[in-house]
Amino acid sequence: MRLAPLAVLFALTLVALVPEARAQGFQVRPLFVDGEVPPGTRVTIPVEISPTSQIEGRTIDVEVVELTQNESGGFRAMPYDPANALPRSAAPWIEAPSEVTIEARETELVEVEMAVPFAARGSYAAALLLSAPPPEDAEGLRLTLRVLVPIVVGTEGRPARQDVRLSGADLRYRQPEGEDADAATPETTLVDALVENNGGTFSSVEGALWVDVKDEGGDWRQVRRVDIAQRRILPETAITLPVDLGRLLPGGDYRLRGELYVDGRRTQPLRREIAFEGHPEVQALVTDIDLEVEPLVFEYAYQPGATRSGRIAVTNPAIDPIEVSVDVEIPEGMAGRASATVRDTDLSAADWIEVVPARFTLRPGQTRNLRLLARFPDEAPAHQNAYAALKLSAEYRDGQRAGTATGLVEVTRAEGEDTPDIGLEPLRLASTEEAGRYALALRATNTGDVLLRPEVEYRVLDTGGARIVGGALEAEEGSPLMPLAARRFGGTLEADTLPDGELTLLTLLTSGGAEIGEVVQTLTKDDEGRLILQSPE
């Protein structure tokens, strides 16, 4: 079995076709290798290295290194010492040439070999560090440029334990930097969210934090809700994610609430009460505003060269006046992504849409109608649908953030048909801290040209195809899944509900009642009651 197709698929198609790394004189792809392999297998990882110079080649130094994460979750390299390898290091398994010579205008394919031991279980990590020393005759500033290619390998078969949790949170101020470093007033308040991975899985985490304040009557009032942006965390690692509240706080008693989704599965929420000193110059406490936008999705029928007008309504439900600004952008999830045949700009209507006015004041309780102007190009777009996001940001009069809202514009051509399609990774299985309970995780990417409203369910079937048990896989978001965007779904499966022997695990994704994609895998319950999941051939 070769890892090559899997590595390129994960790095380029599902993670959003990121450009190659371009250093002084060479470029590399893929930039990230992530795959599942059976224990006891030797696999080959192809790495393409090309010179950027059209005149001369280069010699690239190649080093196998340990892969770790810094406190904020960024990957970093550590020298590999065979006598002191990290607990979940894949570095001892990897063989790579110490250097590669690339000729001008030619691409060199380096085949990196990896032998996965039979005893491997869960996820393991290492990296290739590619370095380009400056030419000996280089003049001026001489730099050695480096590219890090992380390699994270999960092992098929007996699942590792998933144990990722939001274990702590705290408030702190961030002081201004640069020219404003001497300013006495902090720039903003941060919530430091501590995420710990004490298990053996390379997991994706995302979630939300709520900050509440205790009022004079002893009741809690919500101050702010902020998102924990998606990250991936290596096994046996802890990271601290700073989340910006966008405002300063007065002293008082605060409550921090947090929810974390791990590989799409909701985990135990965090609750913590603290006394925060606050800033002495901040007396008034401002809270979030839930801006109301109607309709949330505005639809246009495309007409070549035409200008069409529409309206959306924005309401301020708060007791304070606010300033609102509106930006038109490529929808989140689509932005910066691509497949083998489609880029985000191919499906974007952001350049066609204008909002008037783009900035305005809303009094308490006031509703204002905004005009949407759509100026369609003369030449019909290649795809059936195009999308634009309306990003509304509100501020109080003193400049502190008041809240955000999002609207969506969908432009559809009358002729032609939608092409819904989905890319599904094989379902992943992990044991949990509860005996007999297993975590299910699925990653889906919208590879079609139309937004989807995905619903995911799994079914365990016996040898005759009859359903034994089943259930839904949930996601943190319930919003439509934009083209090119990816989403994780998670749930649990109880081993006690299954008979011993070989079974079939069927995972289905539907949208609007229509089946879009499926994955079929072999699930086995052994004599000791443990589950083993195999990926499709």
Side-chain angles (χ1 to χ4, degrees), residues 70-74 164-197 205-231 233 238-261 266-291 316-323 364 393-405 476:
N70 58 30
E71 288 189 353
S72 59
V164 185
R165 64 191 64 190
L166 180 62
S167 57
D170 208 350
L171 291 173
R172 67 178 172 91
Y173 281 134
R174 182 176 67 197
Q175 297 296 138
E177 298 178 353
E179 296 180 358
D180 300 325
D182 295 332
T185 302
E187 179 184 9
T188 188
T189 311
L190 300 178
V191 182
D192 285 331
L194 176 61
V195 180
E196 293 182 326
N197 185 353
V205 298
E206 61 184 322
L209 288 164
W210 289 262
V211 178
D212 306 323
V213 66
K214 183 179 289 187
D215 62 20
E216 295 179 354
D219 296 322
W220 294 104
R221 289 192 299 133
Q222 181 177 312
V223 176
R224 188 96 168 95
R225 178 198 181 277
V226 288
D227 291 326
I228 299 174
Q230 187 177 96
R231 294 282 206 291
I233 182 170
I239 60 177
T240 301
L241 304 177
V243 183
D244 188 0
L245 288 183
R247 63 187 55 165
L248 301 178
L249 301 176
D253 294 327
Y254 290 86
R255 181 177 64 183
L256 304 178
R257 297 178 288 138
E259 289 187 353
L260 197 68
Y261 284 76
R266 184 176 180 268
T267 58
Q268 184 70 28
L270 172 75
R271 299 289 186 273
R272 185 179 179 220
E273 295 181 17
I274 62 174
F276 188 55
E277 181 179 353
H279 194 275
E281 296 181 11
V282 179
Q283 301 298 324
L285 179 67
V286 293
T287 58
D288 270 352
I289 292 175
D290 293 325
L291 286 174
N316 174 15
I319 60 174
D320 298 299
I322 54 173
E323 299 286 338
S393 300
E395 294 181 349
Y396 290 104
R397 291 287 178 85
D398 62 359
Q400 296 196 68
R401 297 181 194 175
T404 60
E476 181 190 10

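Just so you know, these numbers come straight off a predicted model, no measurement behind them.
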A.B. asks: Donor-acceptor check, side chain of Arg221 to backbone of Thr287, threshold 3.5 angstrom: yes or no?
C.D. replies: no
A.B. asks: When rounded to the nearest 0.5 angstrom, what is the spacing between CG in Leu241 and CD1 in Ile233?
C.D. replies: 8.0 Å
A.B. asks: Check each of Leu245, Val213, Asp288 against Val223 using the side-chain contact (heavy atoms from CB on, under 4.5 Å) test, and report the only one that passes.
C.D. replies: Val213
A.B. asks: Does a sphere of radius 6.0 Å around CD in Gln230 hold more than 12 heavy atoms from other residues, nucleotides or ligands, not counting ones at 6.0 Å or beyond?
C.D. replies: yes
A.B. asks: Considering the options Asp192, Leu190, Val191, which one meets the side-chain contact (heavy atoms from CB on, under 4.5 Å) requirement together with Leu171?
C.D. replies: Val191
A.B. asks: Treating Tyr173 as the side-chain partner and Leu248 as the backbone partner, does any N or O pair qualify as donor plus acceptor under 3.5 Å?
C.D. replies: no
A.B. asks: Between Thr267 and Leu260, is there a donor-acceptor pair closer than 3.5 Å when you use the side chain of the first and the backbone of the second?
C.D. replies: yes
A.B. asks: Check whether more than 12 heavy atoms from other residues, nucleotides or ligands sit under 6.0 Å from atom CD of Glu277, and answer yes or no.
C.D. replies: no
A.B. asks: Please report the interatomic distance CG(Leu249) to CZ(Phe276), rounded to the nearest 0.5 Å.
C.D. replies: 6.0 Å
A.B. asks: Would Arg165 and Glu196 pass as an ion pair if we require N to O under 4.0 Å?
C.D. replies: no
A.B. asks: Ignoring hydrogens and angles, tell me if any N or O in the side chain of Thr404 forms a donor-acceptor pair with the backbone of Ser393 under 3.5 Å.
C.D. replies: no
A.B. asks: Hey, what do you get for CG (Asn316) to CD1 (Ile289), rounding to the nearest 0.5 Å?
C.D. replies: 5.0 Å
A.B. asks: If I compare all heavy atoms of Ala402 with all of Tyr396, which pair ends up nearest, and what's the gap?
C.D. replies: CB-CE1, 3.6 Å
A.B. asks: Give a yes or no on whether the backbone of Ala229 and the side-chain of Asp227 come within a donor-acceptor separation of less than 3.5 Å.
C.D. replies: no
A.B. asks: Can you tell me how far CG of Asp253 sits from CG of Asp212, rounded to the nearest 0.5 angstrom?
C.D. replies: 12.0 Å
A.B. asks: Are the side chains of Ile274 and Leu256 in contact, using a 4.5 Å heavy-atom criterion?
C.D. replies: yes
A.B. asks: Are Asp244 and Arg174 ion-paired here, with the side-chain N under 4.0 Å from a carboxylate O?
C.D. replies: yes
A.B. asks: Can you give me the closest heavy-atom contact between Leu270 and Ala169, atom names plus distance?
C.D. replies: CD2-CB, 3.7 Å
A.B. asks: Give me the atom names and distance for the closest heavy-atom approach of Ile322 to Ala394.
C.D. replies: CD1-CB, 4.0 Å
A.B. asks: Quick check: closest heavy atoms across Thr240 and Pro242, and the distance to 0.1 Å?
C.D. replies: O-CD, 3.4 Å
A.B. asks: Does this structure show an ion pair linking Asp290 with Arg225, if we count only N-O contacts that are shorter than 4.0 Å?
C.D. replies: no
A.B. asks: To the nearest 0.5 Å, how far apart are CZ in Arg271 and CZ in Arg255?
C.D. replies: 7.0 Å
A.B. asks: Can you tell me how far the CG atom of Leu166 sits from the CD atom of Gln268, to the nearest 0.5 Å?
C.D. replies: 11.0 Å
A.B. asks: Flag the pair Glu259 / Trp210 as yes when at least one side-chain heavy-atom distance between them is below 4.5 Å, and no otherwise.
C.D. replies: yes
A.B. asks: I want to check something: taking the side chain as every heavy atom from C-beta on, are Ile228 and Glu206 in contact at a cut-off of under 4.5 Å?
C.D. replies: no
